[in-house]
Structures are given as structure tokens and as C-alpha cells.
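Keep in mind the model is a prediction, meaning the values are calculated, not measured. Throughout, protein chains are lettered first and strands after them, A, B, ... in sequence-line order, and every chain is numbered starting at 1.
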Amino acid sequence: MKFFSLALRRFTAALPALFIILSGLFLLLQLAPGDTVDALVAQVGGGDPTMIEELRKYYALDQSTSTRLGDYLWRLVHLDLGQSAIYAKPVAEVIIERLPATLLLMGSALALAIFFGMTLGILAARRVNRWPDSLISTLGLVCYAMPSFWFGLMGIFVFAVWLAWLPAGGFGTVGAGLTGVAKWLDIVWYLVLPTVTLALMFLAVYLRIMRASMLEVMTLDFVRTARAKGLSANRVLVRHVLRNALLPLVTLIGLQAGTMLGGSVVIETVFALPGLGRLAYESVVQRDLNTLLGIVFVSALLVIAINFIVDLLYARLDPRINASH
Amino acid sequence: MELSRRQWLLSSGAAMASMLVPRSVFAQQGAGGAPIKGGTLTVHLGSEQRILNPALRASTGVYIVTSKIIEALVDLDADSKPVPVLATSWSSTPDGKTVTFKLRKGVKWHDGKPFTSADVQYNALELWKKHLNFSTALQLYLEAVDTPDEHTAIFRYSRPIPLDLLLRALADLGYVVPRHVFEGTNVLENPVNNAPIGTGPFKFVEYQRGQYIIAERNPDYWREGQPYLDRIVWRIITDKSAGAAAIESGQIQLSTYSSLSLPDIDRLRKNPKFSVKSKGLEANQYNNTLEFNFRNKIIADIRVRRAIVHSINVPFFIENFLYGQGRPATGLIPSASTAFYPEGSKQPYPYDVARANALLDEAGYKRDAKGQRFALRLVHINNGEDVPLFATFIQQSLAEVGIKVDIGNYDIAGALSAVYKEHNFDIATGWHQYRGDPAVSTTVWVRSGSPDGAPWTNQYGWKSEKVDKLIDDAASEIDPAKRRQLYAQLVKDVNEELPLWFATEREFYSVITKNVHNDHNTARWSSSSWHDTWVAA
């Protein structure tokens, strides 16, 4: 019960922020030159005045900005995200179609990055300034410096085109009629390359943070005390150092949850995945205001939720922090 | 000309073929390379369309998918001549105001209802005349469509319309969707727009947004024994490099209308697994353009416009930036449009820096201490990967003659708005697409009177009564020879006055794996129905 009242309080506190974000974005997009009809005409390679005028009316672009903003917010109060201009169906439906791919990609990439980032960070910290540390740190630097689109394309070239081990892109075999476990395995098969690509950059960051904070905590007094008590090196590392060193990492993950939603645009484009990032990009290019605002709304909710979870985790890791504050 | 594999097999006879081709392959293809039934063709779709209805949206992106499901009254053959599809024959009265179409009998919509002249009447009056881009201008003078019986449709125009123009245009702008599905609904919101129903060789199955579209064989198709393919899958891959990887790894077999990047097309040309073809796409041509804003006093001087054109080395650009894919243009009409291209045309203002400098001096724009004459703002309309390249090329070329160019960066919607609505540019560059007849989408680039905000029309603040009259006369001239003459005059006048300049003329390219047959056998193959296309195993 405490959990729910806490969650509700957090959400209520976030409402004004949501309102400001959505209205601000709406107004900001009015400043972008060109509207969704321009984008449509650009896509079909030409229109004529009759068609253009009719479409402006159809998309309600002939009305004033304030009227449209008012309409939008009023609909939002009724939990109606409006109609997507690109897909000619409700925005909520469009987003729900795209959410699984993004969450799956994000979740697995995050898990992969955290696991290997932590392990490698700890290894590097234990063997600081010796060859394993140098090797791991160099690898981390290389991964961090490499643009993810380039890494993705090289991955496709080596593993899909050259070796033919993995598919070049997509979200499952088209029209294979798979069901149940076979269908999931098929999707996993398609997600291997994009997940690894997306994870690598985050892994590099986590690794470096983990290594640095481990090293810092190792110099603290209580670690020395623990060692002096005669605890084994591994026990000190896991029970005393790791637990405290995790706090910066957890903070960073919370902060990066938003980046990861956006950061997957490139990966989704290169691997032709039907995710939210690509949808957002497409909505900007096509000036599909409703869809874009809808994505921002959903992303904001996700970020709020993730930060809530991070706060709860803090309290678990360090009892001195009280989550209800 | 090289013989295709199929032609070679046919001409050299089965005996010789069987000696050279492994036995198993030969057996699969049937004697002499006869089509085999079955199989899937997977096609690259570079951008997702908002709706899949070619009677509402004219665009190659829409046709790549829908032309397999929905058919037009006519199509074009390999020589760009109109051939019957849903219309079996046509005739025009001597005054050019009445065109009669006889329609095919025994054709059924995918939902089982019969196709009749009432469908054609509804499409022409309610969709082609009211909604379809390019078509609202084409059908502007369409007054009525009479349907004396179920298989005759008589189009009545208030002004003469050239039959060759109408038929050529109807291959693109004459797709027929079922009346009983659209009538009485808001046509723009009809869900069938994204689950198309037609009379074509393939039936729509599924559209997964952002992923793929599937269509499968229509067993009741009116062409006996066709189509050969079991299904067609379109995979949506927006990244050009990813598209190249998909075709190289065998995920797709065809990428058309230049959906891959120029370097990749050039690279795949050398790969023996693929054919790179422009023949089969010649119904659509395009140009790199340069448009001038006459509201700027400097630009309004013809000497300045000519100097600008003289200072740009088009052959160099084509050779080094376009991988040699293209030719310098000679005017509004590309040389591939043999019905209208004025014979023996030359580049009107070839590369000549000395001449450019002389013209600018003569116009009174002397170089200042820094060697600069004046500055211009260039907006590039990014509808192709080489547009920013050409913009930079213009910038550097003009710097040579003392004109400083500032490039305004917009995405495409922004650029269209800046150039065609707000007229916030001095010079602009982008692509022009030529669709077989100058009256379809080319003459609007120079005809005055387009309202502000209509993209790819004359928004240069330039008007010529003479040119306007030529365009109007040509659009209702029913004698082909006279029409050709009028357009030759138009090309000459526009080159003289230079309200805009076409730098290059180019073709689209397809990359296709060699196991696909009966491909690129019409002038607009990628936009045709693929009823006779087949794949070898």
C-alpha cells in the first residue's frame, strides 16, 4: 500500500512537468518551418494547390495555434492522444504497436550492458594498473569512441553479409507463420546484433564508472577496517565495496533511461526495427505533431517510472537513503 | 545491347542451353526458360507511405506496392506506348473533347463484386478530379463521365485534351479502386486506403507498420494462368546502407527507384549476382535543378543568371559526384522523352568561367577588395542524397567567379515551406521529376499563377505571357506534331529567359538479383502489376 501511495504521489508531482513539456513541445514545433502537408507533398514528390488546401483542412491546419493546442490538451485530459497523420489511425494504437520492439531492445541491451559493465569494471578494479586493467580500459575506450551506426553497419557486413550467421535486419522472419516459442526464438535471433551494438556503448560507460567508483570505495576507512577484521578479499569486495560502489552506477542508469529511448533511433534505423525511436524520427520529419507528442508523453511516463524504481533501489542498497523523501 | 539471360536462352535453343546450364537448373526453369509458378519476391521499400491508394496519391512509392493489387485503365509497354489493362480500347472524337473507353469484361474485385463502368465514373469524378495530385490539374476540364452500359465509359471534357497525353498520364493517374467501398464515406479516412482492394494479380494480405507488407496471388485474376509469383513481400528499410546489406545478404531481391545510395549501386553493378538496370524505369526521369528568385534585384538580371549557369561544371559534377550516372540537361524535356525532346539540343550555357566573369562585370557587379561581387542565399530541397552535394558544388563553383553563397539548411518540409511559401531564398536546388509528358508535372514549374505554398511550381516571381500561352495551347493541342512543336518552342523560350535551370538529366536505377525473370520489360516496370514476373529457385 505504501508503494502505491508513493507511486501515486510521484505521478501527481510529475503532472505539471508533463503539461509544460507537452505544451512547450507543441509550441516549439510550430516554429519548425513546414507542416505535415508539406512533408506529405515532399514524400509523394509533388502536389497541386487543390489537394494541398484540402489536406490542410483535413489535418485542421487551417485553424489557429491556440485553438489546436487547446483541442489537444482537452483531448489529452480524456486520455485521447489523437490521430496519427502518418498512419491514419489513433496515436495510442501506433505507439502500442511500436513499444514492444523498443522495450525489448532497450531492456536486453541495458541488461547486457549492466552485467558485462559491472563484471569488467570489477575485474579492472581488482587488477588495477596491471595488464587486465589496461586491456579492459582500452576496450572500453574503443567501444565508447565508436559511433554506434558504424558499429552496427560493420556488424551487418561481417555477420550477415560476409559470414551469413545472423540476419541483416528486421524483427522476425516475415510471413514464416511461427508461433509460441519458435516465434520468440526467431525474434531473439533477429535482435542479437542490434542488442549487442546498442549495449556496447553503454557497456563502455558503465565499465568506466564501475571501475572508478570501486577504486574510490576501496580507499575508504571501512574497507580497511573490514580487511583488518580478517575478512577474505572476495568477501570485502562483494559485501563492502561493491554495494557502495553501485550507487553511482544506479544513478547513471536512471539518468540514461531517457537517452536510451532516443539513442536507439540509430540502431532501429540501421536494423530496420519497428521501434519508438524510428517512429519519433519519422514523426519529426513528417511533422506529425500528434504522434510526436504521444511519444514524448509515453517516454516521459517511462522515465518517471524508471526513476521511481531507481529511488527504490537506492533505499535497498543504502538504508540511509529513505525512498519516501 | 546485351541480351538478357532469358532472351539468350530463347534464341540459342534448348539443346545448346542444356549443354551449358547444369541439368538441375535447366529442369527447374522448364524448357527454354519458360516461367515457373510459385515463389516469393521480396522488395525493398525505402519509405513508408501514409496511404496505399494510388487513386488518391500519385507517387512511385505508392505504386511500388499498390500497382500489384490495384490496376489502372492502361499501362505502358517497353516502348512507352499505352497498352490495355482495365480499358481494352479507346477512341477520341475529332474535336478532342470526348474520349470513349471500352472496359474489360469479366473482371472481379478482390471482394468478388464485378468491375463496371460505374467504378470508372466514380474514380474519375470523385477521386482523380478532386483529390489525386497532378490529376486534379489533368482532369480540370473533365465535366462528366457517361456510362451507357456496364463496359463503356465516355469522358466528356469542356476543352480538347490530347489523347496521347491522357493515355500516357492514365498509366500513373488512372488507377481504379472499387466504388462500392468508397462511395458515401470520407475517402481520406477510409480504412481500405491501408488495406487496398483492387482487381490486380495480387491480393493484399497484411501491413505491419514499420516492418513489411504482404500480398499473395489472386487465384481469380483475369489473365489466365497468371500471376506466376505466389506472394510479394515489401520490407520497409529506411536506411540506404541497411538496404544494400539486405540485398547482399539475400533478404531482398529487388531495390528500385534508386533506393540505395549511389556508391552502393556503383559497387553492386560489379557484383555478378546482381543486375543494375535503368531500362524499365524510363517512364520517370529526374533532374538536378537550380531555381532563381526574381524578387532579388541581382538575380532578376538575365546576365547574372546566365553567369551563374556558365560557372557550374556539370560534366565534372556528374563524373565525380554521381558516379557518371546522368547527362548534362539541355532544357525542360529530357532526351529520353523522344516524343517531345527537341532534336539536336545542346546545353544552353556550357561551363565557361571567363564568360561568366565577363557577364558579371557587364552587369556592373565588380569584385571588391576581397574578390567578392555579392552574396546569395541558397536553399537546398533535400529529396535526394545528391542534393546537398550539388548545393556545395554550386557554392564552390560560384566562389570562383566572386559570388559568395550561404547555404540555408532545412529538412525537406522546412525547405519546401521556405522556398515555395515564404520565398525566403535567392537560389534553390532540388530535383524535378519528369513523368513522360511535359503537361503532367513539368510545365507547372514555369507556368505563372500557382498560389503560394504549392511546391515544385513557379514561385520565382517570374511571369511570361508568351510562355503561359504556349503551355495552355500545348495542353489542349490534339495534333501530336503541332504539340511537339509548341513544346520545342517552350524549351527554347525558357532556356532564353532562364527562370530556372535543369543541370542534369538522370534515370532511376534498380538493383535486382539475377534469378528474377520477366523483369524491367515495360517502361514503368517497378510501377506495373508484375503479372508475368517469376523467380527461378
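Of the two parts of A:A42, the backbone and the side chain both hold a non-hydrogen atom closer than 4.5 Å to a non-hydrogen atom of chain B. With a threshold of 4.5 angstrom between heavy atoms, A:A164 does not approach chain B through any atom at all. Looking at A:I86, both its backbone and its side chain come within 4.5 Å of chain B, counting heavy atoms on both sides. Looking at A:D288, there are no atoms closer than 4.5 Å to chain B (heavy atoms on both sides), in backbone or side chain. Interface residue A:L55: only side-chain heavy atoms are found under 4.5 Å from chain B. With a 4.5 Å cut-off on non-hydrogen atoms, A:E53 does not touch chain B at all. Interface remark: A:A85 contributes backbone and side-chain atoms alike to the contact with chain B (heavy atom separation under 4.5 Å). Proximity to chain B (any heavy atom under 4.5 Å) is shown, for A:F157, by neither the backbone nor the side chain.
In this view, A:T67 and A:Q63, A:S64, A:D71 satisfy the side-chain contact (heavy atoms from CB on, under 4.5 Å) rule, not counting sequence neighbours. Looking at residues two or more places apart in sequence or on another chain, you find a side-chain contact (heavy atoms from CB on, under 4.5 Å) between B:T457 and B:V444, B:S450, B:A454, B:Q459.
In terms of modelled atom types and a separation under 3.5 Å, the side chain of A:E54 and the main chain of B:H131 share no donor-acceptor contact.
For chain A, the option among B:F134, B:Y420, B:Y410 with the highest count of heavy-atom pairs below 4.5 Å is B:F134. Interface check for chain A: of the options B:R235, B:Q433, B:R209, the most heavy-atom pairs under 4.5 Å are formed by B:R209.
Rounded to the nearest 0.5 angstrom, A:K89 NZ and B:N194 CG are separated by 8.0 Å.
Looking at B:S417 and A:R287, their side chains never bring a donor and an acceptor atom within 3.5 Å of each other.
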